[in-house]
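Below is one structure; the comments refer to it alone.
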Amino acid sequence: MHPAQKFGDNPVEVRETGHYTEEYVPSFVEKWDSLIDWERRAGSEGDFFMDLLRKRGVKSVLDVATGTGFHSVRLLAAGFDTVSADGSADMLAAAFANGMKDGHVMRVVQADWRWLNRDVHGEYDAIVCLGNSFTHLFSERDRRRALAEFYAMLKHDGILVLDQRNYDAILDDGYTSKHKYYYCGEDVSVEPEYVDEGLVRMRYSFPDDSVYHLNMFPLRKDYTRRLMSEVGFQNVETYGDFQHTYRGEQPDFFVHVAEKEYRTDEEDERYTGAVGVARNYYNSSDADTFYAKVWGGEDIHIGLYEGIDEPIADASRRTVERMAGKLGLTRDSVVLDLGSGYGGSARYLASTYGCRVLALNLSEVENQRHKELNHARGLSGLIEVVDGSFEDIPYPDDVVDVVWSQDAFLHSGNRARVLEEVSRVLRPGGQLIFTDPMAVDDCPPGVLQPILDRIHLDNMGSPGFYASELARLGFVPQGGFEEHREQLVTHYARVLEETRRQEADGLAGQVSHDYLTQMKKGLARWVDAGGDGHITWGILHYRRGDGA
């Protein structure tokens, strides 16, 4: 322990909220930037926070855990009206100096979160509490008080962005962090010296042999989310290492985004489990940019290729044409498109057959682009775009002639429920036509786990599952399953090839490096699994029996 830090005779008994101000002694603060390594941290973090704030229309930000100013300076450089607060005067002095180096005169305020409204004035579009700082609060009363202060300083539709180390992994499985995202300094060693359910004592060792410690409370992820909700935040979304659907390996950090806006319709209760994860993912700016630019633009599903070098968009549209040709649609037909994405299929059906299309999709970001494209092509009168989940379809019984879906059902954690909803809204004799990436019926246990981890699912559907469930619901095959397993392999290989090409041509400046890295890994796994015969894909066509 560095002599300037005072923890007493028994350091692991120091569990007081206010003690952190004594832990950030001047000599430790001087070394903090070498611990963070601003350049590497910015590279790993990308524009995650900037994109998140811009997407929600944020202009004014209160950074309540300024530290030496990393996020405050980045926010100022990005054009956000930023006020910087911290409980440590030494940290604020360092932050102000760092801001001056970057050409920014920072507005800094020393403040204790528990009395934030006393020391900081005004209301803000967003409050950010980053750098694992919330773990300095050791009592639940203090945590609730701080969150209430944050809530009070937000505008009516403001958001709180708060991160924390993944203490669940540390408490349950031991410490394995590689500091890929947060503490990026190569010459600094960071590890827990002591761990129990009420304390994680971190040890920081520097190249000059100096050693410092911080005592922190190990917040569990779900506990933090619950506290936010109980204080009054309406919706809490959680990301892992800046990913909307974090991968199978444990993330180092969680990022919680809590919304203050009060909603009376309880709309967010529709999105739970796997559906909620999918919604968060497809609402992300990385996913929106990637699918619009790489995956085919309007049609973001698997294509039917006539050649391995065919454009993705052409092959994807061919899938739509093949499916539509099986249905006998007329101007009087009503089609419900589940998981409609950017609406390519809906526009094709409406413009080709003159039929009415109800487009249900869980991503508000995709739905907005969908509506804009409909308007530009004069199709808004034929296509109704609706935010919602196919596990709880917001339409009455027996109202549609066709239920259509492309590569969306796999995102449900309760596909049997989805099919029951489909049966409910279809008129007797109505048709169900869909595609879905599936496990083969005799898939060996465990071989698809890397894919399932990537898309945050416990399992996938299979041809046998769909045949059995649809038979239970009284559906009659209309050709049953038209298998095209080789097309799945071709499609994912083409998307992987296109990702690499566009990455070299500037896509990396529009989509985060980590997103592209994980996407390429995921695409390669789909190609391998298809090539090994473990997954398949094709068109499934059924008709609802009169007695269903």
Side-chain angles (χ1 to χ4, degrees), residues 265 267 270-271 275 278-279 282-283 287-288 291-293 295-303 312-409 411-412 418 421-422 424-427 430-436 539 541 544:
D265 59 4
E267 63 175 343
R270 295 173 295 172
Y271 305 110
V275 170
R279 175 184 178 237
Y282 286 108
N283 271 338
D288 183 48
Y291 283 93
K293 290 182 175 293
W295 201 282
E298 293 190 37
D299 296 310
I300 51 175
H301 50 74
I302 293 172
I312 295 169
D314 292 353
S316 298
R317 179 46 53 94
R318 188 173 294 113
T319 305
V320 178
E321 295 169 348
R322 174 79 65 89
M323 293 171 66
K326 298 174 180 288
L327 299 173
L329 295 172
T330 70
R331 296 179 65 87
D332 295 326
S333 302
V334 178
V335 179
L336 172 60
D337 184 358
L338 299 180
S340 53
Y342 296 131
S345 299
R347 282 186 292 279
Y348 175 84
L349 297 174
S351 61
T352 304
Y353 300 97
C355 59
R356 183 178 174 221
V357 183
L358 311 175
L360 182 70
N361 194 56
L362 49 70
S363 168
E364 295 92 337
V365 172
E366 289 181 344
N367 290 347
Q368 182 59 37
R369 189 190 294 269
H370 184 170
K371 291 175 184 177
E372 291 169 358
L373 291 169
N374 292 347
H375 178 74
R377 298 183 195 177
L379 293 171
S380 299
L382 286 176
I383 302 173
E384 178 179 277
V385 182
V386 179
D387 298 340
S389 166
F390 43 46
E391 292 181 358
D392 186 16
I393 298 174
Y395 289 104
D397 299 354
D398 305 331
V399 292
V400 300
D401 301 297
V402 173
V403 171
W404 170 293
S405 185
Q406 291 178 270
D407 306 343
F409 290 170
H411 289 300
S412 172
V418 173
E421 283 288 275
V422 168
R424 180 182 65 77
V425 299
L426 268 176
R427 295 186 177 113
Q431 300 176 80
L432 165 64
I433 191 164
F434 68 103
T435 61
D436 206 37
I539 301 171
H541 187 198
R544 179 188 169 191

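Throughout, numbering of the chain's residues begins at 1 and tracks the sequence. Hydrogens, waters and symmetry mates are skipped; everything else that's a heavy atom, side chains included, is used.
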[X] vs [Y] side-chain heavy atoms within contact, under 4.5 Å:
| X | Y | value |
| --- | --- | --- |
| W404 | V320 | yes |
| I302 | T319 | no |
| V386 | L358 | no |
| Q368 | E372 | yes |
| H411 | L362 | no |
| V385 | N361 | no |

[atom1]-[atom2] distance between [X] and [Y], expressed to the nearest 0.5 angstrom:
| X | Y | atom1 | atom2 | answer |
| --- | --- | --- | --- | --- |
| D401 | Q431 | CG | CD | 9.0 Å |
| S405 | H301 | OG | NE2 | 10.5 Å |
| H375 | I383 | NE2 | CD1 | 13.0 Å |

Would you name the heavy atoms of [X] and [Y] that are closest together and state the gap between them?
| X | Y | value |
| --- | --- | --- |
| L360 | G388 | CD1-CA, 3.5 Å |
| S412 | E391 | OG-OE2, 2.6 Å |
| V425 | P396 | CG1-O, 3.7 Å |
| R322 | K326 | O-CG, 3.5 Å |
| A408 | G339 | CB-CA, 4.1 Å |
| S333 | C355 | O-CB, 3.3 Å |

key: Contacts of type salt bridge (Lys or Arg N to Asp or Glu O under 4.0 Å), residue R356, not counting sequence neighbours   =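 Counting only residues at least two positions away or on another chain, R356 forms a salt bridge (Lys or Arg N to Asp or Glu O under 4.0 Å) with E384.
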
task = Quick one: list whatever passes salt bridge (Lys or Arg N to Asp or Glu O under 4.0 Å) with D314, sequence neighbours left out.
result =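 Listed in chain order: nothing, the list is empty.
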
task = Please determine if R318 and E321 form a salt bridge, counting it only when a charged side-chain N lies under 4.0 Å from a carboxylate O.
result =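 No salt bridge links R318 with E321.
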
ask   = Is there a donor-acceptor pair closer than 3.5 Å between any side-chain N or O of T435 and the backbone N or O of I539?
value =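 No, the answer is negative, given that no donor and acceptor are paired below the 3.5 Å cut-off.
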
Can I get a per-line list of side-chain donor-acceptor pairs under 3.5 Å for residues 343-350, giving both atom names and the distance, sequence neighbours left out?
unit_1	atom_1	unit_2	atom_2	d
S345	OG	Q406	OE1	2.4
R347	NE	E298	OE1	3.2
R347	NH1	Y342	O	3.0
R347	NH1	N374	OD1	2.9
R347	NH2	E298	OE1	3.0
R347	NH2	Y342	O	2.7

query = Which one of L338, V403, V399 satisfies the side chain to side chain contact (heavy atoms under 4.5 Å, CB included) criterion with I393?
reply =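 Of the listed options, the one satisfying the test is L338.
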
Full working for salt bridge (Lys or Arg N to Asp or Glu O under 4.0 Å) between R424 and E421 = CA-CA 5 Å; R424 180 182 65 77; E421 283 288 275; 2.9 Å; yes

query = Do Y395 and L336 pass the side-chain contact (heavy atoms from CB on, under 4.5 Å) test, and can you show the C-alpha distance, the side-chain angles, and the key distance before you say yes or no?
reply = CA-CA 10 Å; Y395 289 104; L336 172 60; 4.0 Å; yes

ask   = Hey, mind stepping through R377 and S351 against side-chain contact (heavy atoms from CB on, under 4.5 Å) and telling me if it holds?
value = CA-CA 9 Å; R377 298 183 195 177; S351 61; over 6 Å; no

